[in-house]
Amino acid sequence: MSGEKYVGAIDQGTTGTRFMVFDHDGKVVANAYEKHEQIYPEPGWVEHDANEIWGNTKKVINEALDDALLDADQLEAIGITNQRETTIVWDRETGQPIHNAIVWQDRRTTDRIETLEADDKTDDVRAKTGLEPDAYFSATKAEWLLDNSDPIKLQRSRPEDIRDRAEEGELAFGTIDTWLIYNLTGNHITDVTNASRTMLFNIHDMEWDDELLDEFNVPREILPEVRPSSDDNYYGTTDADGFLGAEIPVAGALGDQQAALFGQTCFDAGDAKNTYGTGSFMLMNTGEEAVMSEHGLLTTVGFQRSGEPVQYALEGSIFITGAAIEWLEDMTLIESAAESEKLARSVDSTDGVYFVPAFAGLGAPHWDQRARGTIVGMTRGTRREHIVRATLESIAFQTRDVAEAMQSDSDIDLASLRVDGGAVKNNFLCQLQSNILDTEIVRPQVDETTALGSAYAAGLAVGYWENLDELRANWQVDREFEPKDPQNVEHRYGRWKEAVDRSLDWARDTEE
């Protein structure tokens, strides 16, 4: 492979970090992956060690290049895609985080969001950001970090020193993309898609919003510069004296779901994709119009190329889908994710069992922070096969909840849905999804489309790919699933809605 040129992509996800290298045809030529620790300090709290993530990032880059016998200078550019909303604050001088990263799933700031709602500020936040106020987003996480981090980590003795130093610009805030860009290039930068997920960014004016910064007491001095997702001016380059030993442009970044939209070549208004990862995230490109949802969806930035208008998207964020399959493993109901398909096929139905995997509350279109995981309909005859099948059905039913809201908001019929993510390797789930949506499901040959999307963004910025038509030509279908054998879908979907109702508002305070 010596002499040939490629584009690399860092895919930093909720459970691990991957580095992939793509050729001009969008084919994978190198791939390495490393998991990181999930930290649960208290019920409902989820943290990551940002230093561990950076260490793993360097490790997988080196492993992928070594395994494929590639030199770093064969990379024309590096793109980044990342778990969104996960929040880090670090010391600019030392580069050390002041606390573990607070993960997007974390619910510790639920009370803060409820205060916002009680003060009738929900509509204002929604109008500026396109987001439904929720502990999911970065604003309340940043506020919590500045208020509660241990000052000893900053070698200071007084708690107020953290905020003092923040206001003096000595600390830096960022989502995971910003953290990686900072460590790769030394520059404090985020892209428009990740900025749009902080609940601090006005998606109409495309800038940090002073009123939101005041509301959440986040100093402007700690914020990164916001740049296009595909940046002809680059975010910076890697250090020739650093771990790669070469100066490689870091030129593209997208939050993971927007990266999948880009990787699935959903470049036109009406194009839609659903990514089945830890959670599921369905996005529809709405073009240059920010369509504000009336049915519980989010309005978000889809992507932006240098010198071009922002492309917006409607998004349905489902917090727990693939993580529900991981839960089955944790509970020893299955030995591996692959076993779920075999067990689900071994029974004709769930035998009346419905599982609502609201482990971190419910996202779109319900938005109930206090919903919790619920299984209903069990009898003495219920076996693990029924629960496993009900888990897969819950993924498909949650997607239908979002799809119906999306069609209502956009007035666009969903004739076809492009899918990606780890769970779409499960043919049973793909067929089930087609039946429940009554829609064609299309699975591409390259299902790691988050990494591919960030590679495309970086490659376009450096001229590795000339235009979007080249990317469209790369997209190839692996398999299509057409609706068939619906098995009383409408009745089952009605019962699903009843099960959802029973999960709502479960995690109330004991006094209530």
Side-chain angles (χ1 to χ4, degrees), residues 14 38-48 50 82-89 99-126 128-149 173-176 194-201 209 212-218 255-257 278-281 293 296-300 315-321 323 356-373 398 402 503-509 512:
T14 307
Q38 306 297 308
I39 303 166
Y40 305 104
E42 295 185 25
W45 293 29
V46 191
E47 297 179 356
H48 292 157
N82 56 287
Q83 52 167 320
R84 303 172 303 171
E85 299 93 20
T86 295
T87 302
I88 310 169
V89 176
H99 191 278
N100 282 335
I102 301 182
V103 179
W104 60 271
Q105 299 162 315
D106 189 280
R107 310 312 295 174
R108 76 186 65 185
T109 57
T110 294
D111 289 346
R112 176 68 175 92
I113 293 295
E114 291 174 344
T115 299
L116 196 74
E117 293 166 350
D119 292 341
D120 292 326
K121 295 180 179 178
T122 297
D123 289 344
D124 289 341
V125 172
R126 189 185 293 125
K128 289 173 179 285
T129 67
L131 306 177
E132 185 74 22
D134 195 273
Y136 171 34
F137 303 109
S138 306
T140 58
K141 302 181 194 302
E143 182 181 40
W144 190 96
L145 285 169
L146 293 174
D147 286 340
N148 295 281
S149 296
F173 156 88
T175 43
I176 294 287
N194 281 293
S196 77
R197 310 297 296 192
T198 61
M199 213 161 68
L200 298 169
F201 189 76
D209 189 273
L212 293 173
L213 296 178
D214 288 343
E215 172 63 38
F216 296 107
N217 202 14
V218 175
D256 52 10
Q257 303 314 318
T278 302
S280 284
F281 299 86
S293 177
L297 302 182
L298 306 177
T299 305
T300 196
E315 174 175 334
S317 305
I318 305 167
F319 294 158
I320 301 292
T321 54
V356 183
F359 299 137
L362 286 174
H366 310 287
W367 296 108
D368 188 327
Q369 300 186 97
R370 297 191 181 276
R372 288 296 180 266
Q398 288 182 98
V402 167
S503 76
L504 300 178
D505 195 33
W506 184 263
R508 297 185 300 273
D509 292 338
E512 298 174 6

*Donor-acceptor contact present, side-chain Gln398 to main-chain Ile320, <3.5 Å*: yes
dist Asp124:CG -> Asp119:CG (nearest 0.5 Å) comes out at 11.0 Å
Point to revise | Salt-bridge contact Asp111-Arg370 (side-chain N to carboxylate O under 4.0 Å) | key: yes
- Query: Taking Trp367 for the side chain and Asp134 for the main chain, is one N or O donor matched with an acceptor at less than 3.5 Å?
  - Reply: no
>> Apply side-chain contact (heavy atoms from CB on, under 4.5 Å) to residues Tyr136 and Ile113 and explain how you reach the verdict.
In response: CA-CA 10 Å; Tyr136 171 34; Ile113 293 295; over 6 Å; no
Rounded to the nearest 0.5 angstrom, the NZ-OG1 distance for Lys121 and Thr115 is 10.0 Å
Next item on the list: With side-chain contact (heavy atoms from CB on, under 4.5 Å) as the test, would you mind laying out the steps for Arg84 and Trp104 before giving the verdict?
Entry: CA-CA 7 Å; Arg84 303 172 303 171; Trp104 60 271; over 6 Å; no
Tightest non-hydrogen contact, residues Leu146 and Val89, listed as CD2-CG1, 4.4 Å
Taken to the nearest 0.5 Å, the spacing of Phe216 CZ from Thr140 OG1 works out to 6.5 Å
The reported gap from NE2 in His99 to CG in Leu145 (rounded to nearest 0.5 angstrom) is 6.5 Å
Determine whether the side chains of Thr300 and Arg197 contain a donor N or O and an acceptor N or O closer than 3.5 Å. yes
Note: Ile88 and Ala50 closest approach over all heavy atoms is CD1-CB, 3.7 Å
field: Stepwise side-chain contact (heavy atoms from CB on, under 4.5 Å) check, Phe359 with Phe319
entry: CA-CA 8 Å; Phe359 299 137; Phe319 294 158; over 6 Å; no
request  = Applying side-chain contact (heavy atoms from CB on, under 4.5 Å), run through Phe137 and Leu298 and close with a yes or a no.
outcome  = CA-CA 12 Å; Phe137 303 109; Leu298 306 177; 3.7 Å; yes
- Exam field: side chain Glu85 to backbone Ala135, donor-acceptor pair closer than 3.5 Å: no
Problem set entry | Candidate pair Arg107 and Gln369, rule side chain to side chain donor-acceptor pair (under 3.5 Å), full reasoning | CA-CA 8 Å; Arg107 310 312 295 174; Gln369 300 186 97; 3.1 Å; yes
Applying side-chain contact (heavy atoms from CB on, under 4.5 Å) to Arg372 and not counting sequence neighbours gives Trp506, Ala507
When rounded to the nearest 0.5 Å, the distance separating NE2 of His48 from CD of Gln105 is 6.5 Å
Closest non-hydrogen contact found for Lys141 with Thr87 is CD-OG1, 3.6 Å
Of all heavy-atom pairs linking Arg108 and Ile102, the shortest is NH1-CD1, 3.9 Å
Taken to the nearest 0.5 Å, the spacing of Asp106 CG from Asn100 CG works out to 11.0 Å
I'd like to know if Glu215 and Arg112 make a salt bridge, using a cut-off of under 4.0 Å between side-chain N and carboxylate O. yes
Using only atom types and a distance under 3.5 Å, with no angle test, would you say the side chain of Asp368 pairs donor to acceptor with the backbone of Asp505? yes
Whether Thr321 side chain and Ser280 backbone form a donor-acceptor pair below 3.5 Å:
yes
Between Glu117 and Thr122 the two heavy atoms that sit nearest each other are CG-OG1, 3.3 Å
Leu131 and Ser196 have their tightest heavy-atom pair at CD1-O, 3.5 Å
